Amino acid sequence: MYTTLKQERNRQRTVVFYGRVSTEHEAQISALDNQLQWYDNQAKQHNNWNVIDKYIDEGITGTQTKKIPSFLQMIEDARQGKFDLIVTREVCRFARNTVDTLTFTRELKNLGIEVYFVEDDIWTMDGDGELRLTLMATLAQDESRKISERVHAGQYISRENGVLYGNGNILGYDRVGSTYVINP
């Protein structure tokens, strides 16, 4: 069976990459540039991959796939049979919601489209692919929940201490020193 899987993976593949960063902060934009370079390096390592597209979502959380435009376009293109392999760096870049991750990877599998999560070494067509994917997706979802809790706790403490949170971009207000004033 190993030989069959290896032969299957080494056949010519029509490939797309999917990448996402959660915020538009400068550090995340740099992270996106690094992701794009990483994908280019992956393509160079697999001469059987014909990369036809990259689907990239910037400044969007992965907790709800219905709000991720490039992801949804990728799924629509998959339904039209435009490719047979989606490569993404890791499960948490694909989606941070376990149900969405499993729903979409199952649909893709039924369409004959495999998803390869490189850092997690998960191929969805493998016998244990779904089990491993379920575990990693659950961990990604839980990590997203923890991050949200930490952010909200930090915001709460900032408010309690009278410290302004964020960059001051609040519609209808101007930041003046350490406070906001209504912008008439």
Side-chain angles (χ1 to χ4, degrees), residues 1-24 28-141 143-144:
M1 182 172 168
Y2 175 75
T3 306
T4 307
L5 281 175
K6 188 173 182 178
Q7 289 171 343
E8 177 67 14
R9 288 190 186 140
N10 288 332
R11 70 179 167 86
Q12 284 303 118
R13 305 296 297 264
T14 304
V15 177
V16 297
F17 292 130
Y18 177 70
R20 178 184 57 79
V21 292
S22 300
T23 66
E24 292 177 342
Q28 288 292 338
I29 299 303
S30 175
L32 180 59
D33 290 340
N34 292 340
Q35 274 188 59
L36 293 173
Q37 179 61 51
W38 184 87
Y39 285 122
D40 289 341
N41 292 341
Q42 287 295 309
K44 290 175 188 171
Q45 294 175 24
H46 297 87
N47 58 5
N48 62 316
W49 288 2
N50 174 29
V51 179
I52 62 164
D53 210 345
K54 293 178 185 172
Y55 298 87
I56 305 299
D57 283 305
E58 296 180 61
I60 298 172
T61 181
T63 56
Q64 296 182 358
T65 53
K66 65 183 177 186
K67 295 182 179 181
I68 307 177
S70 291
F71 181 89
L72 294 174
Q73 182 62 55
M74 178 181 70
I75 297 300
E76 185 55 38
D77 290 348
R79 291 173 181 145
Q80 294 176 22
K82 293 184 177 182
F83 49 84
D84 65 359
L85 177 63
I86 297 171
V87 176
T88 191
R89 189 167 187 158
E90 53 194 331
V91 173
C92 68
R93 295 294 92 204
F94 190 76
R96 286 197 167 166
N97 175 304
T98 305
V99 172
D100 284 348
T101 300
L102 294 175
T103 300
F104 283 110
T105 56
R106 285 174 183 160
E107 178 184 354
L108 291 164
K109 188 175 183 177
N110 289 336
L111 294 169
I113 298 168
E114 186 165 28
V115 183
Y116 175 38
F117 301 94
V118 178
E119 294 293 322
D120 302 308
D121 194 28
I122 296 172
W123 295 80
T124 56
M125 297 291 192
D126 281 0
D128 68 345
E130 186 166 312
L131 172 64
R132 296 177 64 224
L133 180 59
T134 301
L135 294 171
M136 294 305 294
T138 301
L139 292 172
Q141 181 176 320
E143 180 61 21
S144 180

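No experiment lies behind these values; they were computed from the predicted model shown.
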To the nearest 0.5 Å, tell me how far [X] [atom1] sits from [Y] [atom2].
{"X": "F17", "Y": "I86", "atom1": "CZ", "atom2": "CD1", "value": "12.0 Å"}
{"X": "R20", "Y": "R89", "atom1": "CZ", "atom2": "CZ", "value": "13.0 Å"}
{"X": "K82", "Y": "I113", "atom1": "NZ", "atom2": "CD1", "value": "11.5 Å"}
{"X": "Y18", "Y": "I68", "atom1": "OH", "atom2": "CD1", "value": "4.5 Å"}

Begin from the C-alpha positions of D40 and K54 and carry the test side-chain contact (heavy atoms from CB on, under 4.5 Å) through to its verdict.
CA-CA 10 Å; D40 289 341; K54 293 178 185 172; 2.5 Å; yes
Do the side chains of [Y] and [X] get nearer than 4.5 Å, heavy atoms only?
{"X": "V51", "Y": "Y39", "value": "no"}
{"X": "D100", "Y": "F71", "value": "no"}
{"X": "F83", "Y": "D53", "value": "no"}
{"X": "N41", "Y": "Q37", "value": "yes"}
{"X": "I56", "Y": "L36", "value": "yes"}

Which atoms form the tightest heavy-atom contact between E119 and W38, and what is the distance?
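Heavy-atom minimum between the residues: OE2-CZ2, 3.5 Å.
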If you look at every heavy atom in Q42 and H46, which pair is closest and at what distance?
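What the structure gives for the nearest pair is O-ND1, 2.9 Å.
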Donor-acceptor contact below 3.5 Å, side chain S70 vs main chain Y55
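Judged by distance alone, no pair lies under 3.5 Å.
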Under 3.5 Å, is there a donor-acceptor pair between the side chain of D84 and the main chain of T14?
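Yes, the answer is positive, given that a donor and an acceptor are paired below the 3.5 Å cut-off.
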Under the side-chain contact (heavy atoms from CB on, under 4.5 Å) criterion, do L85 and E114 qualify, and how do the steps go?
CA-CA 5 Å; L85 177 63; E114 186 165 28; 4.0 Å; yes
Evaluate L108 against T124 for side-chain contact (heavy atoms from CB on, under 4.5 Å), listing each step before the verdict.
CA-CA 9 Å; L108 291 164; T124 56; over 6 Å; no
Can you classify the ring geometry of Y116 versus W123 as parallel (below 30°), tilted (30 to 60°) or perpendicular (above 60°)?
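Ring orientation of Y116 relative to W123: parallel.
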Would you sort out whether E107 and R79 count as a side-chain contact (heavy atoms from CB on, under 4.5 Å), showing the intermediate values?
CA-CA 9 Å; E107 178 184 354; R79 291 173 181 145; 2.5 Å; yes
